[in-house]
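What follows is a set of notes on a single structure, which appears directly below.
For the numbers below, each heavy atom of this structure counts, side chains included, while hydrogens, waters and symmetry mates do not. Here is the naming used below: chain letters follow the sequence lines, and residue numbers restart at 1 for every chain.
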There are 2 protein chains.
Amino acid sequence: MSRGRPKKFNNDQALHDAMLVFWRHGYRGTALDDITAALNINKPSLYAAFGGKEELFLQVIDHYRAHILAPIAKPLSECSNLKDGLRQYFRDITKVVMGKETPPGCLVACMLAEECCQTESIKAKLAGAIAESDRFFCHVFEKHKDELNPQITPEAAAVLLVSTLHGLSIRARAGASQEGIVSGASAFLKVALKQP
Amino acid sequence: MSRGRPKKFNNDQALHDAMLVFWRHGYRGTALDDITAALNINKPSLYAAFGGKEELFLQVIDHYRAHILAPIAKPLSECSNLKDGLRQYFRDITKVVMGKETPPGCLVACMLAEECCQTESIKAKLAGAIAESDRFFCHVFEKHKDELNPQITPEAAAVLLVSTLHGLSIRARAGASQEGIVSGASAFLKVALKQP
DNA sequence: TGAATTTTGTACTATTCAGTATATAATATG
DNA sequence: CATATTATATACTGAATAGTACAAAATTCA
């Protein structure tokens with residue numbers, strides 16, 4: 001064990017809990033005291049571990065992408081059949097968007113709407129996350145181009161998919177029913193894939 | 001003329017200017033001092049005319065819907081041809097979403113992402129705005145059902161359209177290029193309408 | 001055991017912000 | 001002209017908030 005008084009919290013768990021607070025209350029709507037209360041730690045500990053509010057938030061976004069988005073995306077990148085792969089993906093991602101186990105909506109989308117015009121580093125990080133989502137889905141659609149509606153390119157389909165999910169996030173944020181979210185998601189599936 | 005000292009500002013113009021401030025900086029990100037500075041009035045005047053921050057914001061949303069959204073929607077509700085009507089609508093609405101003359105994104109969508117879990121009255125007002133958009137587009141699609149992709153119902157098409165625009169708002173908020181926004185919008189048009 | 005080291009806990013500071021009290025200015029009416 | 005009335009301007013208050021100073025606690029190592 002290293003020297004000095006032992007830490008009473010785990011950095012990764014703390015990041016996860018902080019994520020949930022930001023996710024629910026937004027960046028501006030979250031006070032650092034809300035976070036220290038949720039994590040049951042003190043402010044100096046928070047600052048020592050993560051830096052100030054802005055730096056903490058940037059790390060929260062990384063955590064979100066690695067621990068919430070990536071596991072859902074992985075099966076899609078490995079699927080042999082686009083239709084089934086997307087179905088599974090939408091099942092998983094709408095569960096997140098609807099906010100049954102986590103706060104509603106996509107964290108990236110919601111925080112971007114709020115904070116984009118305020119803090120440049122946050123805008124850049126969130127914009128980067130969207131760009132990577134675009135690239136990911138574009139790659140998936142290129143790989144399965146034969147299953148795509150021939151009216152649209154893989155690039156456009158990726159933008160449409162990501163935008164649809166972000167729009168559904170807004171809707172979930174408004175308290176939309178499960179039906180509303182699912183109907184939007186399945187509408188995308190129906191029109192974006194080539195019909196047999 | 002009425003008795004007493006005359007007002008130095010016009011309520012509607014003030015609402016418009018306040019809208020622009022909220023639109024750019026968000027609800028939490030806007031200080032009342034930002035608004036009084038932009039309108040060149042004092043806080044007691046603001047309170048006398050509109051009430052506190054929350055009440056002012058609710059009126060700003062009404063103003064936005066009446067003066068930004070409604071004029072764009074009107075031609076669509078009167079068009080005889082869905083394809084051309086939607087094309088015109090997307091031309092107009094993407095101009096707003098891209099934020100050339102106004103701040104980027106849809107005000108309703110962006111403020112909902114930010115403030116939904118905080119202030120119940122604001123959430124209700126914004127959720128109501130989305131519900132009305134849904135109804136509007138659903139009505140339009142029902143009227144022109146013959147032009148719609150038969151894979152989807154008018155209800156689902158309306159949810160998909162509104163969600164797509166909200167998602168593109170997020171994207172615009174991230175600083176997306178005009179191409180990115182337009183490609184998403186035209187992708188919707190290509191897949192949502194019946195192909196000739 | 002005692003010094004060095006790292007984290008924790010408490011208390012504090014400076015700033016920002018929503019909302020208000022009070023006084024003053026400008027107009028209409030009698 | 002005097003009074004009532006309405007709006008403006010300045011200054012203030014109390015609460016919240018990001019960030020920090022400093023001392024106490026807990027651990028390792030010599």
Of the nucleotides [options], which one has an atom closest to the side chain of [X]?
{"X": "A:Lys7", "options": "C:dT20, C:dT8, D:dT28", "answer": "C:dT8"}
{"X": "A:Arg3", "options": "D:dT28, D:dA18, C:dG19", "answer": "D:dT28"}
{"X": "A:Ala31", "options": "D:dT8, D:dT17, C:dC17", "answer": "D:dT17"}
{"X": "A:Lys8", "options": "D:dA9, C:dT5, C:dT8", "answer": "C:dT8"}
{"X": "B:Pro6", "options": "C:dA26, C:dT8, C:dT29", "answer": "C:dA26"}

For B:Asn40 and A:Gly4, find the nucleotide of DNA chain D closest to each by heavy atoms; which residue's nucleotide sits nearer the 5' end?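 Final value for this comparison: B:Asn40.
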When all nucleic acid strands are considered with a 4.0 Å heavy-atom cut-off, which category describes A:Thr36: base, sugar-phosphate, or nothing?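 No contact at all - A:Thr36 keeps every heavy atom at 4.0 Å or more from the nucleic acid.
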Measure the distance from [atom1] on [X] to [atom2] on [N] and round it to the nearest whole Å.
{"X": "B:Tyr47", "N": "C:dA18", "atom1": "OH", "atom2": "P", "result": "7 Å"}
{"X": "A:Leu32", "N": "C:dC12", "atom1": "CG", "atom2": "P", "result": "20 Å"}
{"X": "B:His25", "N": "C:dC17", "atom1": "NE2", "atom2": "P", "result": "11 Å"}
{"X": "B:Asn42", "N": "D:dT6", "atom1": "CG", "atom2": "C1'", "result": "15 Å"}
{"X": "A:Leu39", "N": "C:dT7", "atom1": "CG", "atom2": "C1'", "result": "15 Å"}
{"X": "A:Tyr27", "N": "D:dT17", "atom1": "OH", "atom2": "P", "result": "14 Å"}
{"X": "B:Asp33", "N": "D:dA11", "atom1": "CG", "atom2": "C1'", "result": "13 Å"}
{"X": "B:Leu46", "N": "C:dG19", "atom1": "CG", "atom2": "P", "result": "10 Å"}

N or O in side chain of A:Lys53 less than 4.0 angstrom from D:dA18 OP1/OP2: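 A:Lys53 to D:dA18 OP1/OP2: side-chain N or O found under 4.0 Å.
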State whether B:Ser45 places a side-chain N or O below 4.0 Å from either non-bridging phosphate oxygen (OP1 or OP2) of D:dA7.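 No.
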5' priority, DNA chain C, between B:Arg5 and B:Gly29 [closest heavy atom]: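 So the residue in question is B:Gly29.
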Heavy-atom nearest nucleotide on DNA chain C for B:Gly51 versus A:Lys43: which residue maps closer to 5'?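 So the residue in question is A:Lys43.
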Of all residues at least two apart in sequence or in a different chain, which pass the ring pair (Phe, Tyr, Trp, His ring centres under 6.0 Å) check with A:Tyr89?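 Result, ring pair (Phe, Tyr, Trp, His ring centres under 6.0 Å) vs A:Tyr89: A:Phe137.
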Taking atom NZ of A:Lys95 as the centre, does the number of heavy atoms from other residues, nucleotides or ligands within less than 6.0 Å exceed 12?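 Counting neighbours around NZ of A:Lys95, 12 or fewer heavy atoms of other residues, nucleotides or ligands fall under 6.0 Å, so no.
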Other residues, nucleotides and ligands only: do more than 12 of their heavy atoms fall within 6.0 Å of CD on A:Gln178?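 No, the 6.0 Å shell around CD holds no more than 12 heavy atoms from other groups.
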Should A:Phe57 and A:Lys125 count as side-chain neighbours, where that means a heavy-atom distance under 4.5 Å?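 Not in contact.
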Aromatic plane relationship, A:Phe50 with A:Phe9 - under 30° parallel, 30 to 60° tilted, over 60° perpendicular: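 If you compare the ring of A:Phe9 with that of A:Phe50, the planes turn out tilted.
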